[in-house]
Trainee: 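Have a look at the structure that comes next, please.
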Amino acid sequence: MWTKINPSLVFFFCGPHFPASQIYTRECLEKYPFIQVDDVPLKQVPDHIGNYDLCVSKNMLFDSNVLSRAKQLKLIMQFGVGLEGIDIDAATKHGIKVARIPGDATGNAASCAEMAIYLTLGLLRKQNEMQISVLQKMLGEPIGETLLGKTVFIMGFGNIGIDLAKRLKPFDVKIIATKRSWPSNSEVLIPKAFPTQNGVLDDLVDEKGSHGDIYEFASKADIVVCCLSMNKETVGILNKPFISSMKKGALLVNIARGGLLDYEAVVQHLESGHLGGLGIDVAWKEPFDPNDPVLKFKNVILTPHVAGVTEHSYRSMAKVIGDVALQLHAGKPLKGIELVN
């Protein structure tokens with residue numbers, strides 16, 4: 001499976017999940033026989049990593065032990081933005097660069113923003129109960145809710161948060177958002193398709209706050225959408241104190257990382273009725289257990305980590321990966337990616 005065919009550069013994708021990532025990347029590189037692309041099962045990565053120049057991590061965990069075996073590895077990339085599974089300090093120690101693909105240029109952020117709206121609308125219109133009504137041949141129920149007039153708290157105002165705010169505005173909602181630090185100029189560059197004044201969109205966010213304001217903002221919102229990156233400071237941040245601070249009956253949507261959610265707190269607040277609904281594209285354990293008790297609740301919608309998995313975003317990111325492989329092979333500067341070390 002991993003027999004070299006005398007290419008000049010060899011790289012691999014970790015594991016079987018998100019299969020379109022390697023399929024589309026191979027299509028981008030099919031005219032370049034000097035680039036070899038392999039698939040390596042997660043459990044076999046430590047034994048084979050020493051044979052490769054470039055790695056696409058996906059959901060593989062790279063600790064110092066695995067990285068110490070990467071004798072010729074030059075770069076670890078994510079097919080997307082999340083790098084929480086990589087020990088960046090250890091990679092740096094071993095001379096390995098680590099990079100993500102910025103979501104604003106590939107359509108990944110837009111795809112995730114659309115998924116957040118899909119989950120929000122599914123909860124508001126009671127998607128699971130509608131399916132029951134269809135099966136029971138009932139018409140005119142359940143009674144749903146609209147986005148109109150709601151207050152939406154975007155928790156984490158990076159590329160996904162910005163794209164989400166742009167798409168929510170036409171629903172006539174109030175948008176409040178937190179970000180660790182806001183630029184001194186509040187203007188946000190946007191595509192021409194949106195109404196602009198001097199190339200920027202005014203009043204994208206109705207109220208801005210910092211990380212210290214998350215409990216106050218949660219108490220004001222009808223819907224909380226988590227768009228945070230996961231790190232040692234944010235892991236488990238959607239915990240009992242946070243969910244308790246939310247309005248009774250408010251909805252919680254997470255399209256970021258499953259580790260941001262405190263599972264016990266979520267279940268407790270669903271059982272009590274305090275949490276009005278949960279929409280998640282990411283889970284505390286992936287792949288998700290289809291027998292997990294959380295799925296007994298009618299007001300829970302789960303999707304299989306597909307927020308960024310669209311034809312547009314995956315084709316775009318595959319091209320970035322292919323281009324980087326060619327740049328690495330040619331010894332040229334790496335473009336289209338964000339190096340973090």
Side-chain angles (χ1 to χ4, degrees), residues 1-30 32 34-101 108 229-232 235 257-259 282-289 304-306 308-309 314 317-318 320-329 334 337-341:
M1 180 178 177
W2 302 289
T3 301
K4 291 189 180 182
I5 53 175
N6 296 319
S8 297
L9 184 140
V10 287
F11 76 97
F12 72 101
F13 285 78
C14 298
H17 302 298
F18 310 96
S21 59
Q22 51 259 53
I23 293 171
Y24 290 173
T25 302
R26 282 195 179 90
E27 291 179 7
C28 290
L29 292 169
E30 59 187 359
Y32 305 96
F34 50 86
I35 306 289
Q36 178 178 329
V37 185
D38 291 338
D39 301 337
V40 178
L42 295 176
K43 291 183 179 180
Q44 297 182 29
V45 168
D47 295 329
H48 294 278
I49 194 171
N51 301 323
Y52 291 93
D53 304 297
L54 170 64
C55 165
V56 180
S57 60
K58 297 198 286 183
N59 56 334
M60 176 69 189
L61 298 179
F62 285 91
D63 58 18
S64 58
N65 176 55
V66 174
L67 293 168
S68 68
R69 305 184 186 193
K71 301 303 182 184
Q72 70 183 56
L73 196 68
K74 300 176 181 66
L75 175 67
I76 299 175
M77 290 188 64
Q78 180 57 283
F79 201 87
V81 297
L83 299 174
E84 66 278 354
I86 303 169
D87 186 332
I88 296 173
D89 290 337
T92 303
K93 177 182 176 182
H94 292 286
I96 303 167
K97 291 293 184 181
V98 180
R100 60 166 60 94
I101 303 175
N108 184 52
S229 57
M230 192 172 81
N231 53 50
K232 62 183 179 181
V235 64
R257 284 293 183 264
V282 288
W284 31 87
K285 182 180 180 182
E286 294 183 341
F288 192 76
D289 179 4
H305 205 142
V306 291
V309 185
Y314 261 47
M317 290 191 289
V320 172
I321 296 283
D323 288 347
V324 166
L326 293 170
Q327 292 159 11
L328 197 63
H329 167 259
L334 304 180
I337 59 175
E338 178 189 344
L339 292 167
V340 298
N341 66 343

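Keep in mind it's a predicted model, so treat the numbers as computed, not measured.
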Trainee: Which value, rounded to the nearest 0.5 Å, describes the distance between Q72 atom CD and I96 atom CD1?
Mentor: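 Here the interatomic distance stands at 11.0 Å.
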
Trainee: So, using salt bridge (charged side-chain N to carboxylate O under 4.0 Å, His left out) as the criterion, who are the partners of E286 when residues are at least two apart?
Mentor: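 Salt bridge (charged side-chain N to carboxylate O under 4.0 Å, His left out) check on E286 returns nothing, list empty.
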
Trainee: Work out which heavy atom in A99 is nearest to a heavy atom in L83; give both atom names and the distance.
Mentor: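 Of all heavy-atom pairs spanning A99 and L83, the closest is O-CD2, 3.6 Å.
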
Trainee: In terms of heavy-atom contacts, does CZ of F288 have more than 12 from other residues, nucleotides or ligands at under 6.0 Å?
Mentor: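 For F288, atom CZ is crowded (more than 12 foreign heavy atoms under 6.0 Å).
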
Trainee: Quick one: does I321's side chain get under 4.5 Å of M317's, heavy atoms only?
Mentor: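 A side-chain contact is absent here, since even the closest heavy-atom pair is not under 4.5 Å.
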
Trainee: For the CG atom of L75 and the CG atom of N341, what is their distance to the nearest 0.5 Å?
Mentor: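 One gets 9.0 Å once the value is rounded to the nearest 0.5 Å.
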
Trainee: Compare all side-chain heavy atoms of Q78 with those of V98 and state whether any distance is below 4.5 angstrom.
Mentor: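 Sidechains of V98 and Q78: no contact.
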
Trainee: Where do F11 and V324 land on the side-chain contact (heavy atoms from CB on, under 4.5 Å) test, with the steps shown first?
Mentor: CA-CA 11 Å; F11 76 97; V324 166; over 6 Å; no

Trainee: If you measure from the Lys or Arg side-chain nitrogens to the Asp or Glu carboxylate oxygens, is any gap between D87 and K93 under 4.0 Å?
Mentor: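 The answer is no: the pair does not qualify as a salt bridge.
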
Trainee: Nearest 0.5 Å, what's the CG-CG distance between L61 and N59?
Mentor: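 Between L61 CG and N59 CG, I get 8.0 Å after rounding to 0.5 Å.
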
Trainee: If you define the side chain from C-beta out and look only at heavy atoms, does anything of V45 sit under 4.5 Å from F62?
Mentor: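 With C-beta onward as the side chain, the pair touches.
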
Trainee: Decide yes or no on side-chain contact (heavy atoms from CB on, under 4.5 Å) for V10 and N51, but give the supporting numbers first.
Mentor: CA-CA 8 Å; V10 287; N51 301 323; 5.7 Å; no

Trainee: Just verifying a value: how many Å separate K58 NZ and M77 CE, rounded to the nearest 0.5 Å?
Mentor: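 So the NZ of K58 and the CE of M77 are separated by 13.5 Å.
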
Trainee: For D53 versus L9, what's the shortest heavy-atom pair and its separation?
Mentor: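 That closest heavy-atom pairing would be OD2-CA, 3.5 Å.
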
Trainee: Do the rings of F18 and H305 sit parallel, tilted or perpendicular, given the 30° and 60° boundaries?
Mentor: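 Answer is perpendicular, since the angle exceeds 60°.
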
Trainee: Does the pair D39 and R26 meet the rule for a side-chain contact (heavy atoms from CB on, under 4.5 Å), with working shown?
Mentor: CA-CA 11 Å; D39 301 337; R26 282 195 179 90; 3.0 Å; yes

Trainee: Could you pull out the closest heavy-atom pair between P46 and K43, with the gap in Å?
Mentor: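 That closest heavy-atom pairing would be CD-O, 3.6 Å.
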
Trainee: Between V235 and R257, does the side-chain contact (heavy atoms from CB on, under 4.5 Å) criterion hold? Intermediate values first, please.
Mentor: CA-CA 9 Å; V235 64; R257 284 293 183 264; over 6 Å; no

Trainee: Nearest 0.5 angstrom please: I35 CD1 to T25 OG1, how far?
Mentor: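 Rounded to the nearest 0.5 Å, the CD1-OG1 separation comes to 12.0 Å.
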
Trainee: If you round to the nearest 0.5 Å, how far is CG of L73 from CZ of F12?
Mentor: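 Those atoms lie 6.5 Å apart.
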
Trainee: Which atoms form the tightest heavy-atom contact between Q327 and L334, and what is the distance?
Mentor: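 Taking Q327 first and L334 second, the nearest heavy atoms are OE1-CA, 3.2 Å.
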
Trainee: Could you report the tightest heavy-atom contact between C14 and M60, atom names first, then the distance?
Mentor: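 Heavy atoms of C14 and M60 come nearest at CB-CB, 3.6 Å.
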
Trainee: Decide if the gap between the ring center of H329 and the ring center of F34 is smaller than 6.0 angstrom.
Mentor: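 For H329 and F34, the ring centres are under 6.0 Å apart.
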
Trainee: If you take all heavy atoms of A90 and L67, which pair is closest and at what distance?
Mentor: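 Taking every non-hydrogen atom into account, CB-CD1, 3.7 Å.
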
Trainee: So S57 and I86, do their side chains get closer than 4.5 Å, heavy atoms only?
Mentor: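 I86 vs S57: side chains touch.
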
